[in-house]
Colleague: 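The structure's right below; bear with me while I get my questions together.
Keep in mind it's a predicted model, so treat the numbers as computed, not measured. Below, chains carry the letters A, B, ... as their sequence lines are ordered, and counting in each starts from 1.
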Protein chains: 2
Amino acid sequence: MYSSELIKGTLKTIILKLLSENDKMYGYEITQKVKELTDGKIQLTEGALYPTLHALEADGILTTKTVNVGNRIRKYYTITKTGKKMAKEKVSEFREFMNTMVFLLDLKLNIG
Amino acid sequence: MYSSELIKGTLKTIILKLLSENDKMYGYEITQKVKELTDGKIQLTEGALYPTLHALEADGILTTKTVNVGNRIRKYYTITKTGKKMAKEKVSEFREFMNTMVFLLDLKLNIG
DNA sequence: AGATATACATATAAGTCTTATGTATATTTT
DNA sequence: AAAATATACATAAGACTTATATGTATATCT
């Protein structure tokens, strides 16, 4: 698990990227997917996730659809057209930021 | 200039890395060096820089030496042995974090 | 003379995230 | 059968970090 200060600021980018690649996802699913894809190194907390999802919905970046699964509620989030554009911008900005940091910190990454 | 939320959490890492490579630096010098090295894409604000430098000093990560240059004060910061160790850890953690994010966001970076 | 650069610093507010708490059902383990 | 864990939503209070604004003062450039 990475220190929280490192992950700060990447939450929106991660959410938007995931929802760009999946038609619809619900909150809990997002936390599990991120945990799985990062081998548990990034674990989103509910206290951070839900307010962010709500804010993105309020801004028209995401839309929701509530479904009953058994007796439980599940709230699916889908990214809008505007949201997809935003996702691309966010990911792109992060890529440039990393290039800058790689240079600044003189890093050698294990990627091709 | 990158959005502030992106840069959040990298301030300490940047400061420690710079001071690991330079015997001594003063606050203003750090802001200028970062601005220069990143082509103005990362500009440290004083409101963030000085409190952080003071905190690092209080924690024994940095030591200071105040010098008079003409009629002006200049406060040099030097990294301690403990600080150098911390710098290595921070940079290393950031490297691993970036590898994780590259995978998670499916990025292609422009580095060899 | 005025603007910009150098050089320190702090205070208030804004923003984001953590921790803790709450509700409720489903499944697995003991 | 009871207890623990997983699923699934959500919010509130506090902590932490950073931005913005402000303050002081000298040096240099136009």
Side-chain angles (χ1 to χ4, degrees), chain A residues 1-16 18 24-36 40-59 61-62 64-77 90 94 97, chain B residues 1-16 18 24-36 40-59 61-78 90 94 97:
Chain A
M1 184 67 177
Y2 300 120
S3 70
S4 64
E5 58 172 27
L6 252 188
I7 305 174
K8 271 180 209 292
T10 60
L11 180 56
K12 259 189 209 168
T13 308
I14 292 172
I15 292 173
L16 294 177
L18 277 183
K24 53 175 181 169
M25 293 181 88
Y26 53 97
Y28 187 76
E29 187 184 9
I30 293 175
T31 65
Q32 297 308 301
K33 193 72 183 171
V34 170
K35 191 178 169 184
E36 178 202 326
K41 286 171 205 157
I42 297 179
Q43 277 168 258
L44 307 184
T45 59
E46 291 145 308
L49 178 67
Y50 288 115
T52 300
L53 286 173
H54 300 164
L56 288 171
E57 186 187 1
D59 290 346
I61 307 296
L62 305 177
T64 61
K65 201 174 187 179
T66 301
V67 177
N68 289 310
V69 179
N71 287 318
R72 245 190 249 148
I73 294 167
R74 188 179 286 176
K75 203 167 166 185
Y76 280 102
Y77 289 87
K90 283 259 174 206
F94 193 75
F97 172 65
Chain B
M1 184 66 177
Y2 300 120
S3 71
S4 64
E5 57 174 27
L6 249 190
I7 304 176
K8 271 179 209 290
T10 60
L11 180 55
K12 259 190 208 169
T13 307
I14 292 172
I15 292 173
L16 292 177
L18 276 185
K24 53 176 181 168
M25 292 182 88
Y26 53 99
Y28 187 76
E29 187 184 8
I30 292 174
T31 65
Q32 296 310 300
K33 193 70 183 174
V34 170
K35 190 177 170 186
E36 179 201 326
K41 286 171 204 157
I42 297 180
Q43 277 168 258
L44 307 184
T45 58
E46 291 145 307
L49 179 67
Y50 288 115
T52 300
L53 286 174
H54 299 164
L56 288 172
E57 187 187 0
D59 290 346
I61 306 297
L62 306 177
T63 57
T64 60
K65 201 174 188 179
T66 302
V67 176
N68 289 310
V69 179
N71 288 319
R72 245 191 250 147
I73 295 168
R74 187 179 287 175
K75 203 166 164 183
Y76 280 104
Y77 290 87
T78 300
K90 282 259 174 204
F94 193 75
F97 172 65

Colleague: With respect to the side chain of A/Q32, which nucleotide from D/dT7, C/dA9, D/dT18 is positioned closest?
Modeller: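 Of all the options, the side chain of A/Q32 is nearest to D/dT7.
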Colleague: Looking only at non-hydrogen atoms, find the nearest pair between A/E46 and A/P51 and report the distance.
Modeller: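 Smallest heavy-atom distance, with atoms named: O-CD, 3.7 Å.
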Colleague: Got a second to check how far A/L18's CG is from A/M25's CE, nearest 0.5 Å?
Modeller: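 Nearest 0.5 Å value for the CG-CE distance: 5.0 Å.
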Colleague: With a 4.0 Å cut-off on N to O distance, would you call A/K24 and A/E29 a salt bridge?
Modeller: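 Salt bridge between A/K24 and A/E29, a charged N being under 4.0 Å from a carboxylate O: no.
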Colleague: Any heavy-atom pair between the side chains of A/F97 and B/T10 that's under 4.5 Å?
Modeller: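 With C-beta onward as the side chain, the pair touches.
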Colleague: Considering just the side-chain nitrogens and oxygens of A/Y50, establish if one lies under 4.0 Å of OP1 or OP2 belonging to D/dC9.
Modeller: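 So the side chain of A/Y50 is within the cut-off, an N or O lying under 4.0 Å from OP1 or OP2 of D/dC9.
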Colleague: Nearest whole angstrom, please: distance from the C1' of D/dT11 to the CG of A/L49.
Modeller: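 So the two atoms are 13 Å apart, to the nearest Å.
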Colleague: Starting at CD1 of A/I15 and ending at C1' of C/dT16, how long is that distance when rounded to a whole Å?
Modeller: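 My rounded result for the distance is 12 Å.
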Colleague: Between C1' on C/dC8 and CG on B/N68, what's the gap in Å once rounded to a whole number?
Modeller: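 Roughly 12 Å, once rounded to whole Å.
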Colleague: How many Å lie between CG on B/L53 and C1' on C/dC8, as a whole number?
Modeller: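 Atom CG in B/L53 sits about 11 Å away from atom C1' in C/dC8.
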Colleague: Should A/H54 be listed as having a side-chain N or O under 4.0 Å from OP1 or OP2 of D/dT11?
Modeller: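 The answer is yes; a side-chain N or O of A/H54 sits under 4.0 Å from OP1 or OP2.
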Colleague: Check the distance between C/dT18's P and B/K8's NZ and give it to me in whole angstrom.
Modeller: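 From B/K8 NZ to C/dT18 P: 13 Å.
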Colleague: Supply the atom-to-atom distance A/T66 OG1 to A/R74 CZ, rounded to the nearest 0.5 angstrom.
Modeller: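 Between A/T66 OG1 and A/R74 CZ, I get 12.0 Å after rounding to 0.5 Å.
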Colleague: Which heavy atom of B/I7 sits nearest to which heavy atom of B/K41, and what is that distance?
Modeller: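 Shortest heavy-atom separation between B/I7 and B/K41 comes out as CD1-O, 4.4 Å.
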Colleague: If you compare every side-chain N and O of B/K75 against the phosphate oxygens of C/dA9 (OP1, OP2), does one of them come in below 4.0 Å?
Modeller: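 Yes, B/K75 has a side-chain N/O under 4.0 Å of OP1/OP2 on C/dA9.
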Colleague: Would you jot down, in residue-number order, the residues of residues 40-48 of chain B having a non-hydrogen atom under 4.0 Å from DNA chain D?
Modeller: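 Residues of residues 40-48 of chain B under 4.0 Å from DNA chain D: B/T45, B/G47, B/A48.
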Colleague: Strictly under 4.0 angstrom, non-hydrogen atoms only: write out the protein contact profile of nucleotides 24-30 of chain D, one letter per nucleotide from the 5' end, B, S or -.
Modeller: --BS---
Colleague: Can you tell me how far the CG atom of B/L62 sits from the OG1 atom of B/T78, to the nearest 0.5 Å?
Modeller: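 Here the interatomic distance stands at 8.5 Å.
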Colleague: Return the angle between end axes of the helix from C/dA1-D/dT30 to C/dT30-D/dA1, with five pairs used per end and rounding to 10°.
Modeller: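 Taking the rotation axis at each end, their angle is 20°.
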Colleague: Check the distance between D/dA10's C1' and A/E57's CD and give it to me in whole angstrom.
Modeller: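 It works out to 13 Å between those atoms.
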Colleague: Which atoms form the tightest heavy-atom contact between B/Y26 and B/Y76, and what is the distance?
Modeller: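 So the two residues come closest at CD2-CE2, 3.5 Å.
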Colleague: With rounding to the nearest 0.5 Å, note down the distance linking CG in B/L44 to CD1 in B/I30.
Modeller: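 Reported value, rounded in 0.5 Å steps: 8.0 Å.
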Colleague: With rounding to the nearest 0.5 Å, note down the distance linking NZ in A/K90 to CD1 in A/I15.
Modeller: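 If we round to the nearest 0.5 Å, A/K90:NZ and A/I15:CD1 are 10.5 Å apart.
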Colleague: First locate atom OH of B/Y50, then atom OG1 of B/T31, and finally report the distance between them rounded to the nearest 0.5 Å.
Modeller: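 Atom-to-atom, B/Y50:OH and B/T31:OG1 are 7.0 Å apart.
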Colleague: When you measure from the side chain of A/Y26, which nucleotide among D/dT7, D/dA8, D/dT18 comes out closest?
Modeller: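 Closest of the options to the side chain of A/Y26: D/dA8.
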Colleague: A/I73 has an atom CD1; how far is it from atom P of D/dA10, in whole Å?
Modeller: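 Roughly 8 Å, once rounded to whole Å.
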Colleague: In a check of side chain to side chain donor-acceptor pair (under 3.5 Å) between B/T64 and each of B/E57, B/K75, B/H54, which one passes?
Modeller: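 Only one option passes, and that is B/E57.
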Colleague: C/dT16 P sits how many Å from B/I7 CD1, rounded?
Modeller: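 B/I7 atom CD1 is separated from C/dT16 atom P by 14 Å.
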